[in-house]
Amino acid sequence: MAYVAVAGTRLHVQRLGGSGPPLLLVHGLVDSLASYYFTLAGPAVELGFDVITYDLRGHGRSERTSTGYTIGDAVSDAVGVLDALGVTEPVHLLGYSFGGTVAFALAELHPERVLDVVVVESEPPTEAWAARTVEGLREVETAIVDEEYLAGETEIVRKMAAATRQFEAHTGATAELVDPRWLVDADRIAAIRPPVLLVVGGASDLSTRLDEFVPLLRDCTVAVIPDQEHMLLTYAPREVAEIALPWLHARAAP
Amino acid sequence: MTTDTGVLDTVAVLIERVLDRDGAAAEITRETSFQDDLEFESIDIVVLGTQLADRYGAAINFPRYLSTLEIDDIIGLRVGDLVDYVESCVDGP
């Protein structure tokens, strides 16, 4: 198992082969790199990508620090992982949910490190995004004690609710995610340079809000997977792969 | 078929190591369910995959194997499924 130290924090990294260009995969909140390991990683390696993914701070097998959960920290951790692996050339970047929000922020703050970005059910880190995300975390945290609420839910949702409660109880994430220093306005969204492919579920909340940020982006392609809600990589992994990987591969080809 | 017990025993020891639970290996059979019996988290499967690759070499390609499974197959994954997969990799020509 591979660990790297980023600013003194131990992060679990998986580098899955492929001699081609680096592709960094960033997972979402209360999730782990397993979401990629089970879905996109194998097919991406087959296409030749040097697939790199890591457990976010506080997630999976990475260290759970009590602080360090601002968007700025998440970007520093991602860059730190690349630095620790000696990856200095710009990378293809793919993020799911919160991981895509980190990808937007990374592309904005460090455009020299990013060739292009695929985001799956993600939006840039605006003030409205931060408020919604924190509210969502609190809702899930409350739901865990409400058996009636969870009665009809799948095992996956029950596990995520339990994991959210643990995450909330042991970190300052909800307070830090709304740190305004790292949130972006329309001008900063418009300054994002790398091309973006946005994959959304046709029945997701995000699909109703695309007008808020897609027109601001310089170069953004939107792909909709019909009838799906937010958890696209869980419930429609092949559809995501069929859209995201050819787009990345075409851009990576010489 | 002599390799059958060998791979199962090795997988059981690696599972015990991943879970950091002494004595777990003795209870593990082909029918043991990762989720229901061992309470594996998905990240534990990743760690197990890394250890299997360390043990059996690069022919073990867990991400490729897992990407062929449906979500219900992954939820219902049993130790025997992994043993069969490992054997299919190491029994090559």
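Each chain gets a letter, A, B and so on, in the order the sequences are listed, and its residues count up from 1.
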Chemist: Is the closest side-chain heavy-atom distance between B:I43 and A:H12 below 4.5 Å?
Modeler: yes
Chemist: Within a 6.0 Å radius of atom CD on A:E168, are there more than 12 heavy atoms belonging to other residues, nucleotides or ligands?
Modeler: yes
Chemist: Are any non-hydrogen side-chain atoms of A:F38 and B:S42 less than 4.5 angstrom apart?
Modeler: yes
Chemist: With only heavy atoms counted, which part of B:I75 is less than 4.5 Å from chain A, the side chain, the backbone, both or neither?
Modeler: side chain
Chemist: Drop me the distance from B:L69's CG to A:T39's OG1, to the nearest 0.5 angstrom.
Modeler: 12.0 Å
Chemist: Decide yes or no for A:R238 and B:E70: does some side-chain heavy atom of the first lie under 4.5 Å from some side-chain heavy atom of the second?
Modeler: yes
Chemist: Quick check on A:S35 against chain B: is it the side chain, the backbone, both or neither that has a heavy atom closer than 4.5 Å?
Modeler: neither
Chemist: Evaluate the criterion side-chain contact (heavy atoms from CB on, under 4.5 Å) for residue pair B:V46 and A:R61; output intermediate values, then yes/no.
Modeler: CA-CA 10 Å; B:V46 175; A:R61 293 276 176 142; over 6 Å; no
Chemist: Heavy atoms, side chains only, cut-off 4.5 Å: are A:V45 and B:R64 in contact?
Modeler: no
